[in-house]
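Here the structure is laid out as structure tokens; the discussion comes afterwards.
None of these values were measured; they are calculated from a predicted model.
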Amino acid sequence: QVQPVESGGGSVQAGGSLRLSCEATSPTYRGFCMAWFRQSPGKEHEGVAALDFDGNSAYADSVKGRFAISKDSAKNILYLQMNNVNVEDTARYFCAANIGLGAKWCRTLSRDGYNYWGRGTQVTVSS
């Protein structure tokens, strides 16, 4: 059983920064692909950023140049550094892991590529 656990959410003013963390461990797999998604009221889940085994990343157009995804492999902690945030970034942010689905899904921003999900952490950006 794998349960990603997010932390680091909170309130921030527009133009500010926030760093989200996600800890996930698997008793079976030493490494796996992970991603961040977000959902705001009335909107569908949006893939924000994804990371593959080799450290290659993918980003949604809406966050390119502002957000950065990274991972501490030794600790199995995934990060999302959010810079220059704006009110449109207000959402609940979810960490997702691809465990056993195969490498073809790595770096995808589609929900189909992930089978383990955290409960999310709320980010609220004020103007």
Side-chain angles (χ1 to χ4, degrees):
Q1 182 73 20
V2 176
Q3 178 61 62
V5 179
E6 304 94 338
S7 62
S11 297
V12 61
Q13 287 195 320
S17 299
L18 207 61
R19 188 175 82 159
L20 306 183
S21 300
C22 172
E23 189 167 356
T25 57
S26 167
T28 306
Y29 293 86
R30 295 180 59 187
F32 38 88
C33 300
M34 299 182 73
W36 288 98
F37 287 74
R38 67 185 181 186
Q39 186 174 31
S40 51
K43 295 185 178 180
E44 295 186 358
H45 260 85
E46 176 189 14
V48 176
L51 196 66
D52 68 12
F53 295 113
D54 298 322
N56 299 306
S57 57
Y59 295 94
D61 288 343
S62 57
V63 305
K64 278 181 183 176
R66 300 188 299 120
F67 291 11
I69 188 172
S70 62
K71 186 178 181 183
D72 183 332
S73 297
K75 298 179 181 179
N76 277 326
I77 298 177
L78 183 73
Y79 299 102
L80 184 69
Q81 178 66 43
M82 307 168 61
N83 297 324
N84 192 24
V85 297
N86 55 57
V87 293
E88 286 74 33
D89 295 320
T90 294
R92 191 164 186 84
Y93 284 72
F94 298 86
C95 172
N98 164 352
I99 299 179
L101 294 181
K104 69 176 183 178
W105 290 107
C106 287
R107 278 200 298 151
T108 183
L109 295 178
S110 167
R111 285 177 54 91
D112 292 342
Y114 305 93
N115 52 345
Y116 287 92
W117 294 81
R119 294 189 174 92
T121 185
Q122 179 67 34
V123 172
T124 302
V125 183
S126 58
S127 59

Distance from [X] atom [atom1] to [Y] atom [atom2], nearest 0.5 Å?
X: Ile77; Y: Ser21; atom1: CD1; atom2: OG; answer: 6.5 Å
X: Asp112; Y: Asn98; atom1: CG; atom2: CG; answer: 11.5 Å
X: Ser17; Y: Asn84; atom1: OG; atom2: CG; answer: 7.5 Å

May I ask whether Phe37 and Val63 are part of the same hydrophobic cluster, defined by side-chain heavy atoms of I, L, V, M, F, W, Y residues being less than 4.5 angstrom apart, directly or through others? no
Item to check | Joint hydrophobic cluster, Val48 plus Val12, side-chain heavy atoms closer than 4.5 Å | outcome: yes
Residue pair [X] / [Y]: nearest heavy atoms and the distance that separates them:
X: Asn86; Y: Ala14; result: CA-CB, 4.5 Å
X: Gly120; Y: Glu6; result: N-OE1, 2.9 Å
X: Cys33; Y: Asp52; result: SG-CA, 3.9 Å
X: Lys71; Y: Leu78; result: CB-CD1, 4.2 Å
X: Gln13; Y: Val85; result: O-CG2, 3.7 Å
X: Tyr79; Y: Trp36; result: O-NE1, 3.3 Å

Hey, is the main chain of [Y] close enough, under 3.5 Å, to the side chain of [X] for a donor-acceptor pair?
X: Tyr114; Y: Leu101; value: no
X: Thr108; Y: Trp105; value: no
X: Asp72; Y: Asn76; value: no
X: Thr121; Y: Gly9; value: yes

Test side chain to side chain contact (heavy atoms under 4.5 Å, CB included) on Val123 and Leu20 and set out the steps.
-> CA-CA 9 Å; Val123 172; Leu20 306 183; 4.0 Å; yes
Within 45° of the ring axis of Phe94 and under 6.0 Å from its six-membered ring centre, is that where the NZ or CZ of Arg38 lies? no
Those residues at least two apart in sequence (or on a different chain) that pass salt bridge (charged side-chain N to carboxylate O under 4.0 Å, His left out) with Arg111 are none
[Y] and [X], any side-chain heavy atoms less than 4.5 Å apart:
X: Thr90; Y: Gln122; result: yes
X: Cys95; Y: Trp117; result: no
X: Asp89; Y: Arg66; result: yes
X: Asn115; Y: Ile99; result: yes

message = Could you walk me through whether Leu51 and Arg107 satisfy the side chain to side chain contact (heavy atoms under 4.5 Å, CB included) test, starting with their C-alpha distance in whole Å, then the side-chain angles of each, then the deciding distance to 0.1 Å, before giving a yes or no?
response = CA-CA 5 Å; Leu51 196 66; Arg107 278 200 298 151; 6.0 Å; no
TODO: Dump the intermediate steps for side chain to side chain contact (heavy atoms under 4.5 Å, CB included) on Tyr59 and Ile69, then the final yes or no.
DONE: CA-CA 9 Å; Tyr59 295 94; Ile69 188 172; 3.4 Å; yes
| query | In terms of the angle between their ring planes, are Phe67 and Tyr93 parallel, tilted or perpendicular, with boundaries placed at 30° and 60°? | reply | tilted
- prompt: Just checking, is any N or O donor in the side chain of Ser62 or Glu46 under 3.5 Å from an acceptor N or O on the other one?
  reply: yes
Could you go step by step and tell me if Val125 and Glu88 meet the side chain to side chain contact (heavy atoms under 4.5 Å, CB included) rule?
-> CA-CA 8 Å; Val125 183; Glu88 286 74 33; over 6 Å; no
